[in-house]
Amino acid sequence: RLARAPQTRIHDLVVADGILSVLGGREVLGTQDLAWWIPVATAPAGTTSIGVLDGYLYAGTVESELFRYCRPVRPLR
């Protein structure tokens, strides 16, 4: 599913493997060209930061919790 550019305040962003991922609210969106955005994940409540390490997306919360998503980040189509 394609989405428009984030319409909410961007809380954090990360670039890894040619993909820009942004955290807007609880939604993580990804793009390779800034024109087409694809929903990547829904972040846990209270997420304030995202990162990518060894191909996996991580979310950090205001409560100092760290979550790793179960599937590696894959190329956007």
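Note that the structure is a prediction, hence the values are computed from the model and not measured.
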Open item on the list: Is there a path of hydrophobic side-chain contacts, each under 4.5 Å between heavy atoms, that joins V15 and I10?
Closed with: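 Yes, same cluster.
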So do the side chains of [X] and [Y] get within less than 4.5 Å of each other, counting heavy atoms only?
X	Y	result
V73	D17	no
V22	D12	no
I50	S21	yes

Supply the atom-to-atom distance [X] [atom1] to [Y] [atom2], rounded to the nearest 0.5 angstrom.
X	Y	atom1	atom2	answer
L23	L29	CG	CG	9.0 Å
L13	S49	CG	OG	11.5 Å
W37	Q32	CH2	CD	11.5 Å

Closest approach of [X] to [Y] (non-hydrogen atoms, all atoms of both residues):
X	Y	answer
A59	T47	CB-CG2, 3.8 Å
H11	G25	CD2-N, 3.1 Å
G30	V40	N-CG2, 3.5 Å

Open item on the list: Which Ile, Leu, Val, Met, Phe, Trp or Tyr residues join F67 in one cluster when any pair of side-chain heavy atoms under 4.5 Å counts as a link?
Closed with: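 Once heavy-atom contacts under 4.5 Å are chained together, F67 still belongs with nothing else.
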TODO: Enumerate the residue pairs fulfilling side chain to side chain donor-acceptor pair (under 3.5 Å) with a member in residues 56-73, sequence neighbours excluded, ordered by first and then second residue.
DONE: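 Those involving residues 56-73 are T61-E65.
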TODO: Examine distances only and state if a side-chain atom of R26 and a backbone atom of T42 form a donor-acceptor pair shorter than 3.5 Å.
DONE: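 Checking the backbone N and O of T42 against the side chain of R26, no donor-acceptor pair under 3.5 Å is found.
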Open item on the list: Can you list everything that forms a side chain to side chain contact (heavy atoms under 4.5 Å, CB included) with D33? Sequence neighbours excluded, please.
Closed with: T31, A35, W36
